[in-house]
Amino acid sequence: MAPWQDLFLALPLPEIWLRILLFVTFGLHLLFVLLMLGTAMLGFIYFLNDCCSGSRVEMGWNQRVVKSHLGLKSLAVVLGVGPLLIIQVIYSLGFFTATGLQAFTWLSVIPLLILAFLAIELFEHKMLSRPWLAFVSGALGLGALLTVPAIFTGALSLMERPGEWSGFAAKALAPGSVYRPHWLFRYLHVLGAAIVFGAAFHLFFTAGQDSEKRARLRAWLFGSVLFQVAVGVPLLFTVADVFNWPVLSAVTLGSAAAMAVAWTLRPAPVMTLSDGTIQGGRALLLLLPVIFVSMLAARQFLQDSTLMPLHRQARTALARESADLARFQQPALDAFRVKLATVYDNGPTLYEKSCQPCHGAGGLGDGPAARRLLVRAEDIAAVRADRDYVRQVLLAGWPGSGMPYFTVFDKDKIDALLDQLDASFTLFGPTTVPRREVGQQARDLWKNTCATCHGATGQPSPFGLTLRPAPPDLSRFSLQPERSLQIITEGYPGTVMQPYRDLPEETRRDLVAISSNLRR
Amino acid sequence: MIFPLIHVPALGDGMTIALNAVLHVLISHGVAIGMTILIVIFQNLGATGRGGFWEETARTLLKPVVIVTTSVGAVTGVGIWFITGILAPEGIGSLIHLFFWPWFIEWWAFTTEVVLLLIYYFLWDRLAQRRPRLLMALGWAYVAVALSSAVLISGILGFMLTPDGWPQGGTFSQAYFNPTFVPQFMLRISAGIVLGALLVLGWTAWRFKGAAHERGRVLRLTGLVMLAAMGSTALFAWIYFSRIPMTYLTHWKFSVATSAWSQVPNLLPALNTVAVACLALAAVAGLLKRRRTSMLLFLPALLLAVGMVAEFERVREFVRGPYLLPGYMYANQTRMVRQQAAMAQGRPLAPSMNWVNAATDNAPEAQLGRALFDANCGVCHTIGGINDITVRLQGRTLESVNALTSITESMVPFMTPFNGSEQERLIMSAYLYSLANKDTLPRPQLQGEVK
């Protein structure tokens, strides 16, 4: 079996390395996502606060906070590609299924992010000059931005719950399902983490020496850490069924670090060290990464415990199917080679590929696909018609019959096909008109019977045009006498053209002559 | 492994991908590569004493470039992964397994590109005065990484049209270093510079705030760059298209003109000539410092350039016809071996479909018919939207629909063959026939008109 027999079986790295790589790349992505979300949320909250107090100085600082959003969001987006790539390789079954089941919600991430990013840029730009515009764009941008993690956590939560997939697909989620509470707490946990890391980021990078700013950010940091604990506990209950020791260890370590952060940030006594260092700064710099890594590890362990067995199972099934299909590889390659060598721009190929299946190699209407048709494919070899008329038929098809339209070929190709039809079957040659005196009986018959559908001059009558298939326009289309006689005698099966075999042969031959004379 | 099959109603899959992809290409090529190269050149001219206005122009242009690139450009780039993951999970999944490393390395290039652009932007004010040469170096480093990102992705894009020996040999290097790898990235980079120069030209003509002679110098340089890039674009486009298999290439007119316009074969060459002429005139107007002419030509030239980008991407996506990965997978995500097995042994498709939408009030046969349509035809045809199958089959009888679904691949060169058992094909045909004949009443046609 060639390695690419089934590309889904090819792994760029051993599974364990892919999982480690996912952990690192996802961690990088998530860090910037949290910083971006935190910055947007804090920026908007401070803006509302400063707007109410009417302080332009404060607003200037606030603008600096939001300014960092540009860089943070750029990195958040770009760093998301790596984990996306790896997830698609190692969790393909879960990932494509979960996102597929939530397809349109998942796709809405694209316009939501574009809207959010542009609106937040406007928010920052107009903060000092036009507060009302800043408010509108900030609210819009933040609203769009905060919808995105809800979609992501929704997709990931579904991905990790294969048991819920079919219920989700049937849109019949049971109210008792753990999916919705899990989703809600997970979403809130992401928002809480965004405030934790966003506040810490600005505490170190934007607040500078301003003790008041620092105090505000520390308060947000403290509050959001407590919020994380409050949301984390019910969140743990929602994943209790897949809990294992690695998860428990990671969660315990993370919670202990969170407690230590809360202790470091306890509100009283608030004081700032004289040398400008941040109170408890070193402890925060150590503890926050511990919390981040341990929570990320817990998440990854949980995900792997569900998805890896599933993924291995899928790979085994795939390998079995691929081994089964291996013998068809050579025929597939042969078919591909033939296809590449077939250039659909010349008459012979166009006829062979597009017309021959029904009309047959000799144009007799006896191609292999014609056996399926109730209305027989026409014997092209017996047709004599105007070029424009045949072009019209090719472009529009013949409703009520099997003849499809061929506007899939541009005009040059249609011309090549018409030339080919003429070369093979003298399609545009003159009509063979039998030399005979036509009797009055046949003339009357044409007028009273045939013209009902075919029209007196060969142009289908209004009634004839209601038929499916409608009769051909005999002023522009004719058949060789023998074929005409055959149709008049035996009818055209599948159409309303009935057999007239009871008429004397002379009369039928007269009718052939009449119809042959109609072509202008 | 069959994932949920999703098709976008009304708009269709192709149009959904195209809307996102064309927007991304315009920004990633025109703004992130083209405009930024000019900005770096302007900054260099300013830093080497050719006049402060060069730097001011560059600085003014940089802000919108950064905002648009990091907002719309980056998100639509990731968006392509989102969209293809939904619409063609088997296809994009296969490509990711084959091209994991180029994509992974490209991701680092992409990240470095964004980091450098941010540094370039945020440190500009500090470095422009004090260390202009460092700023120059930063700018060129950005350009180098942006170009390498384009190079890395071109191997994958080229593969999808010219897999060369890969279907037979199956090695990575055959796939990646395919015949259109080099011409395609050269074409994309050149065209990106044309587009970027055009944007700068329009901005300079309309919005430049400095003295008239300064604007004239900016116009002249931009026009020169644009003209040179146009020459290179033409050269590499010619090489690129000469390497595409003839069997694909002959469909280009239909791919752009669709059934509606495909009978007017000279329309597209004429339009393309007008577009090139308009772009060339805009470049020459810039070169000759003609502000008013540049102003007037900018908008039509931009619209025509956007049209040409869309045309190129459309042709590239469409002409590979029935294949998603030539020699391996059809456009409807059916692997060629799977289809061969279905044909040889009448293997049914339904048992391997994990996800069939059962939440409809259709009868079971119609549900299966719909699922088979989605799996086989839904990638190109919609029901009631773009390339509507009910319109395509209007007027055909049931047994002719049956006949047509048995010869799709032969009859129309860019259609895929049906994958499934004979019985399934008949079920699908009956479903499609019933769709196409909903509420149809026979009514008289106009005299002489063939419908």
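Residue numbers begin at 1 in each chain, while the letters A, B, ... track the order of the sequences.
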Original post:
So, the side chain of B:Lys253 versus the backbone of A:Asp412: is there a donor-acceptor pair under 3.5 Å, distance only?
Top reply: no
Subject >> A:Thr407 backbone acceptor or donor facing B:Ser259 side chain under 3.5 Å >> reply: no
Subject >> Segment of B:Trp355 engaging chain A (4.5 angstrom heavy-atom cut-off) >> reply: side chain
Original post:
What part of B:Glu106 lies closer than 4.5 angstrom to a heavy atom of chain A: side chain, backbone, both or neither?
Top reply: neither
Original post:
What's the verdict on side-chain contact (heavy atoms from CB on, under 4.5 Å) for A:Phe328 and B:Gln339, showing C-alpha distance, side-chain angles and the deciding distance?
Top reply: CA-CA 9 Å; A:Phe328 295 102; B:Gln339 206 279 327; over 6 Å; no
**OP:** Please look at A:Arg327 and chain B and tell me whether the side chain, the backbone, both or neither of the residue comes under 4.5 angstrom of a heavy atom of that chain.
**Re:** side chain
Original post:
Do B:Tyr328 and A:Phe336 have their ring centres less than 6.0 Å from each other?
Top reply: no
Original post:
Do the non-hydrogen side-chain atoms of A:Ser354 and B:Ser410 ever get within less than 4.5 Å of each other?
Top reply: no
Show every donor-acceptor pair shorter than 3.5 Å between a side-chain atom in residues 96-118 of chain A and any protein atom, with sequence neighbours excluded, or say none if there are none.
unit_1, atom_1, unit_2, atom_2, d
A:Thr97, OG1, A:Leu93, O, 2.5
A:Thr99, OG1, A:Phe95, O, 2.7
A:Gln102, OE1, A:Ala155, N, 3.3
A:Gln102, NE2, A:Tyr179, OH, 3.1
A:Ser108, OG, A:Thr105, O, 2.5

**OP:** For the pair A:Arg372 and B:Glu422, find out whether any cationic side-chain nitrogen is under 4.0 Å from an anionic carboxylate oxygen.
**Re:** yes
Original post:
Does some side-chain heavy atom of B:Pro322 sit less than 4.5 Å from a side-chain heavy atom of A:Lys339?
Top reply: yes
Subject >> Contact leader toward chain A among B:His251, B:Arg347, B:Met246, where contacts are heavy-atom pairs under 4.5 Å >> reply: B:Arg347
Original post:
Between the side chains of B:Ser71 and A:Lys73, is a donor N or O closer than 3.5 angstrom to an acceptor N or O?
Top reply: yes
Original post:
When you measure from the side chain of B:Trp107 to the backbone N and O of A:Pro83, does any donor-acceptor pair fall under 3.5 Å?
Top reply: no
Original post:
Between A:Asp6 and B:Arg338, is there a side-chain N and carboxylate O pair less than 4.0 Å apart?
Top reply: no
Subject >> Interchain contact, B:Leu87 with chain A, by part (heavy-atom threshold 4.5 Å) >> reply: neither
Subject >> Flag, side chain of B:Thr247 to backbone of A:Thr342, donor-acceptor distance under 3.5 Å >> reply: yes
